[in-house]
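No experiment lies behind these values; they were computed from the predicted model shown.
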Amino acid sequence: MEGRQKEELGGITLLGNQGTKYPFNYAPEVLESFDNKHPGRDYFVKFNCPEFTSLCPITGQPDFATIYISYIPDVKMVESKSLKLYLFSFRNHGDFHEDCMNIIMNDLIALMNPRYIEVWGKFTPRGGISIDPYCNWGRPGTKFEEMADHRLMNHDLYPEKVDNR
């Protein structure tokens with residue numbers, strides 16, 4: 001089995017770089033992509049990010065979440081180390097939970113132009129309540145737009161038992 005050739009990786013600069021600098025403020029420019037070697041096939045890529053942190057824009061208190069990002073790539077895919085650094089850049093970013101999830105989704109759409117994407121944040125409770133915003137997008141005029149509508153309407157038909165927070 002043959003791996004990727006260096007030229008296929010295009011502008012990836014973070015993976016394998018020992019001098020990584022961690023951005024402490026919102027930094028969408030850190031996101032990097034690479035070519036999908038299987039653009040003729042629909043398949044999901046899922047990231048589970050259990051250490052997401054942002055700040056409440058009103059109180060400045062930290063909010064913690066597990067972020068689930070699932071997407072069906074087209075030509076480009078997001079490089080995972082750049083995604084980690086990008087998500088880390090929310091550490092000092094003040095926005096509501098719902099805004100953070102939509103910002104993440106919009107930035108990934110701008111980076112990759114996937115066929116389909118969904119972002120789900122499961123925030124730990126603060127003040128006795130947890131907030132779990134879900135957003136998705138399917139490429140307009142395709143079956144993925146219909147898929148997005150269907151998944152949005154059915155995304156929480158079987159809510160999980162919340163005993164892990």
Side-chain angles (χ1 to χ4, degrees), residues 1-55 57 62-123 132-152 155:
M1 178 170 255
E2 184 179 315
R4 291 187 181 268
Q5 300 301 313
K6 198 164 189 125
E7 53 274 2
E8 285 182 289
L9 298 176
I12 290 182
T13 62
L14 298 170
L15 189 60
N17 180 344
Q18 299 303 312
T20 301
K21 293 187 177 21
Y22 290 83
F24 288 97
N25 292 302
Y26 172 66
E29 66 278 0
V30 75
L31 286 168
E32 295 182 344
S33 65
F34 62 93
D35 289 340
N36 177 9
K37 286 179 84 171
H38 309 281
R41 176 180 302 131
D42 291 336
Y43 62 98
F44 268 103
V45 176
K46 184 174 184 179
F47 293 100
N48 301 316
C49 314
E51 298 175 347
F52 181 82
T53 306
S54 62
L55 298 178
D63 291 310
F64 304 95
T66 297
I67 306 298
Y68 299 95
I69 300 168
S70 296
Y71 73 98
I72 299 173
D74 192 9
V75 176
K76 294 289 184 186
M77 301 176 71
V78 65
E79 191 281 313
S80 63
K81 184 173 181 182
S82 76
L83 180 63
K84 291 174 201 175
L85 293 172
Y86 167 73
L87 292 174
F88 184 83
S89 81
F90 279 83
R91 172 64 187 92
N92 292 322
H93 180 75
D95 243 329
F96 291 117
H97 304 341
E98 301 85 351
D99 296 324
C100 288
M101 297 308 97
N102 278 281
I103 290 166
I104 291 167
M105 186 178 75
N106 290 341
D107 287 343
L108 290 171
I109 290 168
L111 175 75
M112 301 183 292
N113 190 22
R115 296 174 185 163
Y116 173 83
I117 188 167
E118 59 190 33
V119 179
W120 196 343
K122 297 194 176 193
F123 285 80
D132 296 344
Y134 170 90
C135 56
N136 73 359
W137 176 88
R139 186 172 294 155
T142 70
K143 66 182 179 182
F144 302 105
E145 182 177 35
E146 295 172 24
M147 178 181 169
D149 287 343
H150 178 77
R151 286 178 74 96
L152 182 63
H155 89 279

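Side-chain contact check for Asp35 versus Lys76: some heavy-atom pair is nearer than 4.5 Å. Contact check for Val45 versus Pro73: side-chain heavy atoms found under the 4.5 Å cut-off. Two residues are said to be in side-chain contact when any heavy atoms from C-beta on lie closer than 4.5 Å; Met147 and Lys143 fail this criterion. Side-chain contact between Val75 and Asn113 is absent, with no heavy-atom pair separated by less than 4.5 Å. A 4.5 Å side-chain heavy-atom check between Phe47 and Leu87 finds every atom pair outside the cut-off. Side-chain atoms of Glu118 and Leu152, non-hydrogen and from C-beta on, never get closer than 4.5 Å to each other.
From Cys100, atom SG reaches atom CD1 of Ile67 across 8.0 Å, with rounding to the nearest 0.5 Å. With rounding to the nearest 0.5 angstrom, the NE2 atom of His150 is 11.0 Å from the CG atom of Asn136. Taken to the nearest 0.5 Å, the OH atom of Tyr68 stands 5.5 Å off from the CG atom of Asn48. Distance CE/Met105 to CG/Leu108: 9.5 Å, rounded to 0.5 Å. Remark: Ile117 CD1 to Ile69 CD1 distance equals 6.5 Å, nearest 0.5 Å. One finds the CD1 atom of Ile104 at 11.0 Å from the CG atom of Asp99 (value rounded to the nearest 0.5 Å).
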Q: Start with the C-alpha distance between Val78 and Leu111, add both sets of side-chain angles, then the distance that settles side chain to side chain contact (heavy atoms under 4.5 Å, CB included), and finish with yes or no.
A: CA-CA 8 Å; Val78 65; Leu111 175 75; 3.6 Å; yes
(Q) I'd like to know whether Phe144 forms a side chain to side chain contact (heavy atoms under 4.5 Å, CB included) with Ile72, so could you lay out the CA-CA distance, the side-chain angles of the two residues, the decisive distance to 0.1 Å, and finally the verdict. (A) CA-CA 9 Å; Phe144 302 105; Ile72 299 173; 3.8 Å; yes
Q: Test His93 against Asn25 for side chain to side chain contact (heavy atoms under 4.5 Å, CB included), laying out the working first.
A: CA-CA 6 Å; His93 180 75; Asn25 292 302; over 6 Å; no
Q) When you look at Leu31 and Leu83, which way does the side chain to side chain contact (heavy atoms under 4.5 Å, CB included) test go after all the steps? A) CA-CA 6 Å; Leu31 286 168; Leu83 180 63; 4.2 Å; yes
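Asp132 contributes a side-chain N or O that, together with a main-chain N or O of Phe123, makes up a donor-acceptor pair within less than 3.5 Å. Tyr86 contributes no side-chain N or O that, together with a main-chain N or O of Asp107, makes up a donor-acceptor pair within less than 3.5 Å. When atom types are taken as modelled, the side chain of Asp74 and the backbone of Arg115 share no donor-acceptor pair closer than 3.5 angstrom.
Scanning all heavy atoms of the two residues, the minimum distance from Cys135 to Met101 falls at SG-O, 3.5 Å. Of all the heavy atoms in Ser54 and Asp95, the pair that sits closest is OG-O, 4.5 Å. The two atoms that bring Pro114 and Trp137 nearest to each other are O-CZ3, 3.1 Å, heavy atoms only. Summarising the geometry of Val30 relative to Ser82, their closest heavy-atom pair is O-CB, 3.3 Å, with the distance given to 0.1 Å. In this structure, Tyr116 and Gly138 approach most closely via the heavy-atom pair CD1-CA, 4.2 Å.
Open room surrounds CD on Glu51; 12 or fewer heavy atoms of other groups in view lie less than 6.0 Å from it.
In terms of the ring-ring contact (aromatic ring centres under 6.0 Å, His included) criterion, residue partners of Tyr134 (sequence neighbours excluded) are, by chain and number, Trp120, His155. Annotation: ring-ring contact (aromatic ring centres under 6.0 Å, His included) contacts of Phe52 (sequence neighbours excluded): Phe90.
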